[in-house]
There are 2 protein chains.
Amino acid sequence: MINPILSPVQTSSRDDAVLNALVDFVASEGLKPGDRLPTERLLAEYLKVSRTTVREALTRWQELGLVERRQGSGTYLRSAVTRNMLHMPLTLPSGNDFNSLMHTLEIRRGLEAEAAVLCAERASDDDIAFIEKKLVVMEEAFHARAGMSSEEDWDFHLAIFQTSGNPLFEQIIAAMYEMFHRFWEHPLGVRDFGHASFPYHRTLFNCIAARDPVGARAEALKLIATVEDDLRRGAANLRKQSKT
Amino acid sequence: MINPILSPVQTSSRDDAVLNALVDFVASEGLKPGDRLPTERLLAEYLKVSRTTVREALTRWQELGLVERRQGSGTYLRSAVTRNMLHMPLTLPSGNDFNSLMHTLEIRRGLEAEAAVLCAERASDDDIAFIEKKLVVMEEAFHARAGMSSEEDWDFHLAIFQTSGNPLFEQIIAAMYEMFHRFWEHPLGVRDFGHASFPYHRTLFNCIAARDPVGARAEALKLIATVEDDLRRGAANLRKQSKT
DNA sequence: ATTGGCACAATGGTCCAACCAATTAAACAG
DNA sequence: CTGTTTAATTGGTTGGACCATTGTGCCAAT
C-alpha cells in the first residue's frame, strides 16, 4: 500500500476524462435519472475525442447501471452520478442455485442485524412513528392478501435502514434483496413463502421503539432465520420434484 | 418478477455472445486467474466479429473486475468466470469525511462478525492451518516493523473470508477496506493506527481454531471496535489541528 | 560470459469514415 | 382526424489505419 499523498492518482486513460466531464455536465445541467444525455456524436465533438472513446466510456457506465442506452432513441441517466464514485461490482457465480441464494441471506443476516442495532440506538420519535406506519401498512397488506407482500415488506425494512443513518446498508442489502427475488418470487412452490417471518416484524419494531439494540439484533436474526428456513424447504421441494 | 425458466435469456446483443463464447473458451482451456486471454485481434477473427465489438465486451468485463488489460502486454483473467454469473454493481458516493469512514466500519462490523462465525463453523483443518500461517506472517511483520502492516493484515482477514465459503464477504468488505484506506494510510497523524487491533487477531484465530462461532463473533467485534476507536482519535486530532 | 542499450514485433488504445438497425417524428394519403 | 409512409436521428457494428506501451531478442561494449 502506498501513501496516496505520494502517488496522486494519475488520471491516465481518456475514458475517465470523458466520464469526469460527463459528471460535470450532468451537474451543470441539473440532469436527473430518466433524463437524456447528449448523443455520442455530440459528446465526441464537444470533448474532442473520437466517438469510439465516448462509446467505451458510456459502455462502462452502462455496465455499472448508471446509464441506459436505447438504440434509435438515446442514452438516458439511470441514477445520480458524482465524481469520485466508488464502484463495487459484486459477482456471484451461477446466481440461481441454492448456495448462491443462501449467500445473499448470510450477508443480509450480518447487515440487517447491525442496521437494527444502529436503528434502535439512533431512532428519533419521528423515525419510530414513520417505521410503525410502514409496519402497519405491511400488516394490513398481509391480512388483506393472506400472505407476505414483497413491496410493503421491503418498505418496512427500508425505513429501518434509512433510520440507521448509514446509506450503505440500504444499497448493499437492496442488492442482496434483488439478487434473491430475481429468481424467487414464488420460490420453488413454497406457497406461503415469508409467512413465518411475519410476526418478527412487529417484535423487531417493538425493540426499536423501546431503544433496545440487543433485542433488535436478536429479532432481526430470527426474522432472517425464517427466510433461510423457507429457502431450505424450497430446496427440499426441488429435490423431491426432480426425483419424480 | 418472472420465472427465469419461462423466459430464457434472449440472445440479444453481440457483446453477450462474445462473452459467452469467451466463458466457454476459458472453461475449455482451463484458464485460471492470472492467465492471459487471446488477443483482441485473434478473438475478433475467431468469433467473426469486429475488433470493436470484442473490445466493447472486454470493456464490460474489465469494469466488473473480471479481467485486466495491460497495453502492450495483453488481457488477463482476474477472477473465475462462469455462464449465468449474476452481476450486481453498486456505486457509492465516495465520501472521505469522518462519517463516511465510520459508515464503512459499521458495514465491516456486521460482515466481519458474520464471516467469523461462518468460518468457525465450516473451517477444515487445512483451512485453519492456512489461516494460522497468514496470522504468523502478520505477527512477524508487526514485530519487524513495530507496527501494523496493511498488506499482511489484509491477507489474514482474507483467509477468513475465503474460508467462510461465501465470496460476497470478500467482495463487499474489500470495497469497504479500499474506501477506508484510500485516504487513511496513516490516518490523521495517528502513528500507531491499528496497534490496538493486533492482539485480537490471535484471539479471533483461537476461537476459529476451537470451532467457537460465538467467541469468534465476539473477538471480531472487539477487533473492529479498536479500529473505530482509532478513527475517532484521528478525527479528534484533526479537530485539534484545525483549531490551530 | 555478463551487461546494457537498441531495434523490432506484438498488443491494447484511439481515431476515422462509413454503414446497419431501431426509434422517433414529421409528412402524407385516406 | 387517423393511419401509413417516409425521412431523420441515434445507438450498434464494421474495417482499416495509426499511436503508445510493453516485451523480447539481438548486438555491441565491457
Side-chain angles (χ1 to χ4, degrees), chain A residues 7-23 25-26 29 31-79 81 87, chain B residues 9-23 25-26 29 31-79 81 87:
Chain A
S7 70
V9 179
Q10 49 188 350
T11 147
S12 61
S13 63
R14 294 271 229 285
D15 318 355
D16 291 331
V18 169
L19 292 181
N20 282 331
L22 210 42
V23 168
F25 177 82
V26 168
E29 295 289 311
L31 297 184
K32 299 182 299 180
D35 290 343
R36 215 182 98 169
L37 297 177
T39 70
E40 299 174 348
R41 290 168 176 87
L42 278 179
L43 286 173
E45 181 187 4
Y46 182 71
L47 298 175
K48 295 283 188 280
V49 294
S50 76
R51 194 181 149 214
T52 309
T53 303
V54 171
R55 279 188 59 77
E56 180 148 337
L58 288 177
T59 297
R60 292 174 48 194
W61 268 16
Q62 184 181 37
E63 195 64 16
L64 295 176
L66 298 179
V67 114
E68 177 185 352
R69 300 207 284 202
R70 292 185 223 141
Q71 186 173 177
S73 177
T75 303
Y76 299 83
L77 207 56
R78 260 171 64 92
S79 101
V81 294
H87 303 299
Chain B
V9 180
Q10 48 188 350
T11 112
S12 63
S13 58
R14 293 271 230 286
D15 318 354
D16 292 330
V18 170
L19 292 181
N20 282 332
L22 209 43
V23 168
F25 177 82
V26 168
E29 295 290 309
L31 298 184
K32 298 182 301 181
D35 290 344
R36 212 180 104 173
L37 297 177
T39 70
E40 298 174 349
R41 290 171 175 85
L42 278 180
L43 286 173
E45 181 187 4
Y46 183 72
L47 297 175
K48 294 284 187 282
V49 294
S50 76
R51 193 181 150 213
T52 308
T53 302
V54 171
R55 280 188 59 77
E56 179 146 337
L58 288 177
T59 297
R60 291 174 48 194
W61 267 16
Q62 184 181 38
E63 197 64 15
L64 295 176
L66 298 179
V67 114
E68 178 183 352
R69 283 145 92 156
R70 292 186 223 137
Q71 185 173 178
S73 178
T75 303
Y76 299 85
L77 207 56
R78 257 172 67 91
S79 109
V81 294
H87 304 297

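Note that this is a predicted model, so its numbers are computed, not measured. Excluded from the calculations below are hydrogen atoms, water molecules and symmetry mates; all remaining heavy atoms, backbone and side chain alike, are included.
Side chain B:Arg55 to base C:dG12: no donor-acceptor pair is found below 3.5 Å. For D:dG12, its base never sits under 3.5 Å from the side chain of A:Arg69 at any donor and acceptor pair.
Considering only side-chain N and O atoms, A:Arg70 lies nowhere under 4.0 angstrom from the phosphate OP1 or OP2 of D:dG12. Within the 4.0 Å cut-off from OP1 or OP2 of D:dG15, not a single side-chain nitrogen or oxygen of B:Thr52 is found. In this model, the phosphate group of C:dG13 is not approached by any side-chain N or O of A:Ser13 to a distance below 4.0 Å at OP1 or OP2. Taking side-chain N and O atoms only, B:Thr75 has a distance below 4.0 Å to OP1 or OP2 of C:dG12.
Going from atom CG of A:Leu43 over to atom C1' of D:dG11 covers 12 Å, rounded to whole Å. We find that CG of A:Leu58 is positioned 14 Å from P of D:dT13, with the value rounded to whole Å. Here C:dT11 presents its P atom at 10 Å from CD of B:Glu40, a figure rounded to the nearest Å. Between the P atom of C:dT23 and the CD atom of A:Glu68 lies a distance of 12 Å, rounded to the nearest Å. Distance CG (A:Asp15) to C1' (C:dG12): 12 Å, rounded to an integer number of Å. Taking atom CD of residue B:Gln71 and atom P of nucleotide C:dG12, one finds them 10 Å apart after rounding to whole Å. Across the protein-nucleic acid pair, A:Trp61 atom CH2 and D:dG11 atom P stand 15 Å apart, rounded to whole Å. Regarding B:Glu56, its CD atom lies at a distance of 15 Å from the C1' atom of C:dT14, rounded to whole Å.
At the heavy-atom level, B:Arg51 lies under 4.0 Å from base atoms of the strands shown. B:Ser73 comes within 4.0 angstrom of sugar-phosphate atoms only, judged by non-hydrogen atoms across all strands, and of no base.
Out of C:dG13, D:dT13, D:dG12, the shortest distance to the side chain of B:Arg14 is found at D:dT13. Checking C:dG13, D:dT14, C:dC19 against the side-chain heavy atoms of B:Arg41 singles out C:dG13 as nearest.
Each of A:Thr39 and B:Ser50 has a nearest nucleotide on DNA chain D; the 5'-most of these lies closest to A:Thr39. With the nearest nucleotide of DNA chain C identified for both B:Leu37 and A:Gly72, B:Leu37 has the one nearer the 5' end. Residue B:Lys48 is the one, among B:Lys48 and B:Tyr76, whose nearest nucleotide of DNA chain D lies closer to the 5' end (criterion: closest heavy atom).
Residue A:Leu77 comes nearest to A:Leu31 through the heavy atom pair CD2-O, 4.1 Å, listed as atom of the first residue, atom of the second, then distance. Between A:Arg14 and A:Val49, the closest heavy-atom pair is NE-CG1, 4.3 Å.
In this structure, a donor-acceptor pair under 3.5 Å is present between the side chains of A:Thr59 and A:Arg69.
Remark: the backbone N or O of A:Ser73 is paired with a side-chain donor or acceptor of A:Arg36 at under 3.5 angstrom. When atom types are taken as modelled, the side chain of A:Asp35 and the backbone of A:Lys32 share a donor-acceptor pair closer than 3.5 angstrom. Put simply, the side chain of B:Arg78 gets close to the backbone of B:Gly65: a donor and an acceptor are under 3.5 Å apart.
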